2 protein chains.
Amino acid sequence: MIKIQQNTLYGEAAARIRDMINEGSLLPGVRIPEKQLCEQFGISRTPLREALKVLAFEGMVELLPNRGARVMRLTRQMLEETYNVMGALEGLSGELACRHVTEQEVADIQALHYQMMAHYKRGEIRPYFELNQRIHDAIMLAARNDTLRETYSSLNYRIQRVRYSTHMIDEYWDQAVADHEAMIECLLARDGERLGAILREHLRHKLVVAAASGVIDEDQPTAV
Amino acid sequence: MIKIQQNTLYGEAAARIRDMINEGSLLPGVRIPEKQLCEQFGISRTPLREALKVLAFEGMVELLPNRGARVMRLTRQMLEETYNVMGALEGLSGELACRHVTEQEVADIQALHYQMMAHYKRGEIRPYFELNQRIHDAIMLAARNDTLRETYSSLNYRIQRVRYSTHMIDEYWDQAVADHEAMIECLLARDGERLGAILREHLRHKLVVAAASGVIDEDQPTAV
DNA sequence: TGAGCTATTTTTGTATTCATAATTCATTTT
DNA sequence: AAAATGAATTATGAATACAAAAATAGCTCA
């Protein structure tokens, strides 16, 4: 099967750089040498630089005039800010989802939830995370607001690397699962206000976990 | 006074195109011919194209592969979506502002408020809008969350053209002023939750005004 | 030997050029 | 005459070339 390559070079490049940052092959604070990446991707500098512009706007890299691009460092402050904003957005997604969600979607989300619970009980963290993400995505989709979804997604990119490297402490994990139980109840009852509130709180808990995991650059630039 | 030209060509170009869209010299849906703008700005295509990438990410223009850039049209749907998201963000700004705002800032905001009220009583809509914007900005600043501010600002760009062209009906104007009175009270009482709720509602009212003003492209693409 | 300056190299920012896809216009055919 | 096809033109996407700024290295001189 031939993949239809609708994507432009700069879009492709942006995606790859994003992945590299999230996977840790490009470390926070380090310079991104255009030439090297061009060779690596087999493209010229023009589309690569366009990609960097997009990523800069996303907040993945910072562009210093005449001094090139650097991978944005996540300070504790920034992470806190981002989680707060994402909390507000997820809260809205919950409210809107309760208004627009279909029976079918609720059923699907419930199914995902039970699947997730199974992984939780077995202590399988990776699959748990996977399902968790899919549930949140499903709620976001049910909100029927693409602007919201894109805004959220853009912020989410920035902190993916933290999420990936997060390892759960049991206590927080239990709390997260409890949040999810309550979320399902709200969805069934179409209680948007409460679902919104839970989602906001839910993100606040996640922040604590992320902060504890120690992947954050403290505000004073540590080397690298 | 010499303006410090820290800005790059692409940043300058992006700003100018933004302004052109907001002022109406580039109309929704029309193609943006690269060559023409290059001549107009006196720059080459490279920085201009970089500018378009940024604007595309902001949601000001849409980039169709091999078919160039078009000014994004504001459908009713999009406007509604955007106002919802901005409402959530302003709501958060209110909550955070009540936590972080200084006495001095509250006093400044109050001063702006009274200034605004004076214009309201005199029916001076332009200066009223100006002060109104500054009050919201001040609250946003008091929230001490740059991520929030930038996210909000990016969405705000998209709908500036609607705001500019909005003419107030007395009824809505009265409502807006009432909202503002309540906002000041909340700020003084540091009642973040209520301030947040008011701001969310406040934006909902603005949507009604914008929708009524008829500057929106309906979802079915009208010519142009 | 070390500090400061200059020259060289490297890298970034911008312009130009080349290739390819889309659009337009003319011609042909039904 | 209208529709369809194909050639010419134009615009976009990407690569290369050039200019300017920053980083580096080497050199001089105290």
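Note that the coordinates shown come from a computational prediction; the quantities given were computed from them, not determined experimentally.
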Worksheet item: Atom CD of Gln36(B) to atom C1' of dT10(D): distance rounded to whole Å?
Response: 14 Å
Worksheet entry | ring-ring contact (aromatic ring centres under 6.0 Å, His included) contacts touching residues 24-70 of chain B (sequence neighbours left out) | Phe57(A)-Phe57(B)
Discussion item. Tell me the interatomic distance from Leu63(B), atom CG, to dA22(C), atom C1', rounded to whole angstroms.
Written reply: 15 Å
Worksheet entry | Qualifying ring-ring contact (aromatic ring centres under 6.0 Å, His included) pairs with a residue from residues 133-156 of chain A, counting only residues at least two apart or across chains | His136(A)-His180(A), His136(A)-His202(A)
Practice prompt. Could I get the full list of salt bridge (Lys or Arg N to Asp or Glu O under 4.0 Å) partners for Glu50(B), not counting sequence neighbours?
Written response: Arg49(A), Lys53(A)
Fill in: All ring pair (Phe, Tyr, Trp, His ring centres under 6.0 Å) counterparts of His119(A), not counting sequence neighbours
none
Item to complete: With sequence neighbours excluded, tell me which residues meet salt bridge (Lys or Arg N to Asp or Glu O under 4.0 Å) with Glu150(A).
Response: none
Item to complete: Let me know the distance between CZ of Phe41(A) and P of dA14(D), rounded to the nearest Å.
Response: 14 Å
Discussion item. Can you build the contact string for nucleotides 8-18 of chain C? Use B for base contact, S for sugar-phosphate-only contact, and - for no protein heavy atom under 4.0 Å.
Written reply: ---SBBBBBB-
